[in-house]
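Taking it in order: structure first as structure tokens, then the write-up.
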Amino acid sequence: MKEHDCIFCKIANGEIPSKTIYEDEKYRVILDLGPATKGHALILPKEHYADLYELPEENAGEVMKLAKLMMKKMREKLGCEGFNLVQNNGELAGQTVFHFHLHLIPRYSADGQKIGWQPQEVTPEKLEEVRKQITD
Ligand code: 5GP
Ligand code: ZN
């Protein structure tokens, strides 16, 4: 996708206004328009990378550092009791905006959200098969 067609490029670079809670030269952190909980935020790089595959390693480290900074601030200011970090890659995995973003989802007791998956049954043999498939 061309950068000028990307909504998160426009938001990250200030061409479209957003509820910004942090900004520096390379990143903007905004409140999600469809929040899972109070304070649900998105870390956006100002450069366009479609997903984590495309994100340079250097940025990956910076994004995680920034997540820690924001989590600390949001815990202090919002009084949340937990956090989910979610990062979707690919349509099948639920990605709807194809500009890398990391979801920061503060959790509160009785917030009514369910973020997770259905655990499947697996045998030790199957686990070993998968381990081998990945590592061989
Ligand atoms: P994804 O499903 O791609 O991981 O997440 C996309 C997220 O972006 C969704 O949580 C959605 O609510 C949010 N979103 C989509 N468009 C906008 C927008 O224009 N502004 C903001 N602040 N959030 C958006
Ligand atoms: Zn973009």
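We count residues from 1, following the sequence as given. Both counts, for ligands and for their atoms, begin at 1 and track the order of listing.
- Atom numbering of ligand 1 starts at 1 in the shown order; those under 4.0 Å from a heavy atom of Leu42 are 8 (O).
- With respect to the salt-bridge test (charged N to carboxylate O, under 4.0 angstrom), the residues Glu129 and Lys132 do not qualify.
- Counting the atoms of ligand 1 from 1 in the order shown, those under 4.0 Å from a heavy atom of Asn88 are 1 (P), 2 (O), 4 (O).
- Scanning the protein heavy atoms around atom 16 (N) of ligand 1, the nearest turns out to be Phe8 CE1, 4.1 Å.
- A donor-acceptor contact shorter than 3.5 Å links the side chain of Arg28 to the backbone of Ala12.
- The neighbour count for Leu127 CG, taken as heavy atoms of other residues, nucleotides or ligands under 6.0 Å away, is above 12.
- More than 12 heavy atoms of other residues, nucleotides or ligands sit less than 6.0 Å from atom CD of Glu128.
- At a 4.0 Å cut-off, not a single heavy atom of Ser18 sits close enough to ligand 1 to count as contact.
- For a threshold of 3.5 Å applied to N or O pairs, the pair formed by Gly94 and ligand 1 contains at least one separation below that value.
- The OG1 atom of Thr37 lies 6.0 Å from the CG atom of Asp111; values are rounded to the nearest 0.5 Å.
- Residue-to-ligand polar distances place Asp32 within reach of ligand 1: an N/O pair is separated by less than 3.5 Å.
- In this structure, His103 is part of the shell of residues with a heavy atom less than 4.0 angstrom from ligand 1.
- Close contacts between ligand 1 and Gly34 involve ligand atoms 12 (O) [criterion: under 4.0 Å to a heavy atom].
- By heavy-atom distance, the residue among Thr96, Leu31, Asp51, Ile16 lying nearest atom 22 (N) of ligand 1 is Leu31.
- Not a single heavy atom of Phe98 sits closer than 4.0 Å to an atom of ligand 1.
- Between Leu102, Val97, Ile105, it is Val97 that holds the heavy atom closest to atom 15 (C) of ligand 1.
- More than 12 heavy atoms of other residues, nucleotides or ligands sit less than 6.0 Å from atom CZ of Arg107.
- Results of the salt bridge (charged side-chain N to carboxylate O under 4.0 Å, His left out) test with Lys46 over Glu25, Glu15, Glu23 single out Glu23 as the only residue that passes.
- Summary: ND1 is the N/O/S atom of His99 found nearest to the Zn ion (ligand 2).
- Classification of Lys73 and Glu76 as a salt-bridged pair fails, no side-chain N sitting under 4.0 Å from a carboxylate O.
- Closest approach between the Zn ion (ligand 2) and any N/O/S atom of His48 involves ND1.
- Heavy-atom distances between His101 and ligand 1 reach below 4.0 Å in at least one pair.
- A salt bridge links Glu58 with Lys26: at least one charged nitrogen is closer than 4.0 Å to a carboxylate oxygen.
- Atoms of ligand 1 lying under 4.0 Å from at least one heavy atom of Ile11, given by number and element, are 18 (C), 19 (O), 20 (N).
- Nearest to atom 23 (N) of ligand 1 among the protein's heavy atoms is Leu33 N, 3.3 Å.
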Could you go through the ring-ring contact (aromatic ring centres under 6.0 Å, His included) check for His101 and His99 one step at a time? CA-CA 6 Å; His101 52 282; His99 174 126; 7.8 Å; no
